[in-house]
Amino acid sequence: MSRHLNLAFVCMLFIPATAFAEDLSTATDPLPAGTFTSTQHSDEWKIKNALSAGPPWITDDATIVETSMTMSGGNHKMTDRVIRQGTNGWKCMPDIPGRPQHDPMCADETTMKWLTAVMEGRKPNINRVGLSYMLLGEARQGQNVPPAKDPSTVKDWYYVGPHVMVVLPDNDMEAFKGMNEDLSKDGQYITSLNHSKSLLWVIPVAKAGERIQAYRPGTKASATR
């Protein structure tokens, strides 16, 4: 979030998977300057992109979904299109469109419940801690800023490095009192999505522009730009 996690979800369009061949390395390589994330990719590309959001112990068995917002009875409703079925309760989502860098997200069941309620304008009714990952980082326009119709007109983006995010129960929001809310500062911060009173705790684990490389036993771990 912060997947992959603001009003950009409202502008996500449902676009069927394309059947053309494409370079899968673009699913995780940094975007060229002046270009933005898009939904116009094959499902194979979206799977690779989504899986880059979390560690292998999550992504190996996670469900891959493409999320969109629709209107139902005059209310916003968040829906999922399942691209790959998983078994561990986690969901990983590909890029939000219109961002100057990749921003996939992997979220547990509690975080998905929280995210769905927040984006639909409802009280989350969360009673346990939720966890999510955005290990490619993300770029945001600010706190509660509606997505620009033309992202190329955005003068200032706030770049956040690879991070984890924590959702607290509804009754524990007081625990965030006094915490940093400024996205321009390095380090942790709290954020509100869709002007919800339920806050999200964003905890960077590397600087903006850096990458966290997962490794298996016998290999070497590193964080690279």
Side-chain angles (χ1 to χ4, degrees), residues 1-9 50-67 69 76-80 82 84-96 103-138 140 143-144 158 160-183 185-208 210 212 214 221 223:
M1 166 262 283
S2 329
R3 191 183 189 167
H4 244 165
L5 280 177
N6 60 25
L7 285 176
F9 276 94
L51 295 181
S52 66
W57 67 268
I58 288 172
T59 60
D60 284 351
D61 297 309
T63 297
I64 312 301
V65 299
E66 187 169 34
T67 306
M69 296 298 297
H76 290 294
K77 184 172 180 59
M78 196 167 89
T79 59
D80 292 342
V82 176
R84 189 196 78 177
Q85 186 62 53
T87 59
N88 64 4
W90 285 76
K91 289 184 178 179
C92 294
M93 295 155 279
D95 290 340
I96 294 174
D103 60 354
M105 180 176 76
C106 290
D108 67 7
E109 294 176 275
T110 299
T111 302
M112 287 304 302
K113 177 184 177 182
W114 175 88
L115 180 62
T116 300
V118 165
M119 298 315 299
E120 292 180 352
R122 299 183 287 104
K123 182 180 178 181
N125 293 319
I126 300 299
N127 60 7
R128 59 187 296 179
V129 172
L131 179 66
S132 54
Y133 289 82
M134 295 183 78
L135 294 187
L136 290 191
E138 69 169 328
R140 296 183 60 184
Q143 294 274 30
N144 287 302
Y158 295 94
V160 184
H163 54 275
V164 296
M165 296 166 289
V166 177
V167 170
L168 294 185
D170 294 349
N171 295 332
D172 292 330
M173 291 299 104
E174 193 68 19
F176 289 138
K177 186 176 181 178
M179 288 185 62
N180 174 49
E181 299 180 50
D182 188 348
L183 278 64
K185 295 182 179 180
D186 290 332
Q188 64 179 352
Y189 64 91
I190 54 174
T191 188
S192 173
L193 304 182
N194 202 16
H195 298 279
S196 174
K197 294 182 179 180
S198 183
L199 302 175
L200 183 71
W201 185 12
V202 181
I203 308 170
V205 294
K207 294 181 180 180
E210 292 183 340
I212 300 297

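We use all heavy atoms of the structure for the numbers below, so side chains are in, but hydrogens, waters and symmetry mates are not. Keep in mind that this is a model prediction, so the values were computed, not measured.
- Under the side chain to side chain donor-acceptor pair (under 3.5 Å) criterion, Thr116 pairs with no residue at all, not counting sequence neighbours.
- With sequence neighbours excluded, no residue satisfies side chain to side chain donor-acceptor pair (under 3.5 Å) with Thr110.
- The stretch residues 119-131 participates, sequence neighbours left out, in these salt bridge (charged side-chain N to carboxylate O under 4.0 Å, His left out) pairs: Glu120-Arg122.
- For the salt bridge (charged side-chain N to carboxylate O under 4.0 Å, His left out) test, no residue two or more places apart in sequence or in another chain qualifies with Asp61.
- Atom-to-atom distance recorded for Met78:CE and Asp80:CG is 6.0 Å, nearest 0.5 angstrom.
- To the nearest 0.5 Å, the span separating CD on Glu181 from OG on Ser192 amounts to 9.0 Å.
- Here the straight-line distance linking atom OG1 of Thr67 with atom CE of Met119 works out to 10.5 Å at 0.5 Å rounding.
- For the pairing with Cys106, the side chain to side chain contact (heavy atoms under 4.5 Å, CB included) check across Thr63, Ile64, Thr59, Val164 returns one residue only, Thr59.
- Between Val118 and Pro124 the shortest heavy-atom distance is CG2-CG, 4.0 Å.
- Annotation: side chain of Trp114 is in contact with side chain of Leu200 (closest heavy-atom distance under 4.5 Å).
- Annotation for Glu109 and Gly89: closest pair CG-O, 3.1 Å, computed over non-hydrogen atoms.
- Considering CG of Asp60 and CH2 of Trp90, their distance stands at 13.0 Å, rounded to 0.5 Å.
- Checked by atom type and distance alone, the side chain of Asp108 never pairs as donor or acceptor with a backbone atom of Gly130 at under 3.5 Å.
- By the side chain to side chain contact (heavy atoms under 4.5 Å, CB included) test, Asn127 pairs with no residue at all, sequence neighbours left out.
- The side chain to side chain contact (heavy atoms under 4.5 Å, CB included) check on Lys185 picks up Asn180, Asp182, with sequence neighbours excluded.
- Separation of atoms CG (Leu115) and CE (Met93) is listed at 6.5 Å; rounding is to 0.5 Å.
- Minimum interatomic distance between Asn194 and Gly121 (heavy atoms only, all atoms of both residues): ND2-N, 4.0 Å.
- Nearest heavy atom pair, residue Ala50 against residue Cys92, reads O-CB, 3.8 Å.
- In this structure, Ile96 CD1 and Asp103 CG are separated by 5.0 Å, a value rounded to the nearest 0.5 Å.
- Partners of Gln143 by side chain to side chain donor-acceptor pair (under 3.5 Å), not counting sequence neighbours, listed by chain and number: Thr191.
- Heavy-atom contacts from other residues, nucleotides or ligands closer than 6.0 Å to CG of Asp186 number 12 or fewer.
- Side chains of Trp201 and Val129 form no contact here, defined as non-hydrogen atoms less than 4.5 Å apart.
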Identify every side-chain donor-acceptor pair in residues 165-176 under 3.5 Å, counting partners at least two apart or on other chains, and give the distances.
unit_1, atom_1, unit_2, atom_2, d
Asp170, OD1, Ile126, N, 3.3
Asp170, OD2, Asn125, N, 2.7
Asp170, OD2, Ile126, N, 3.1

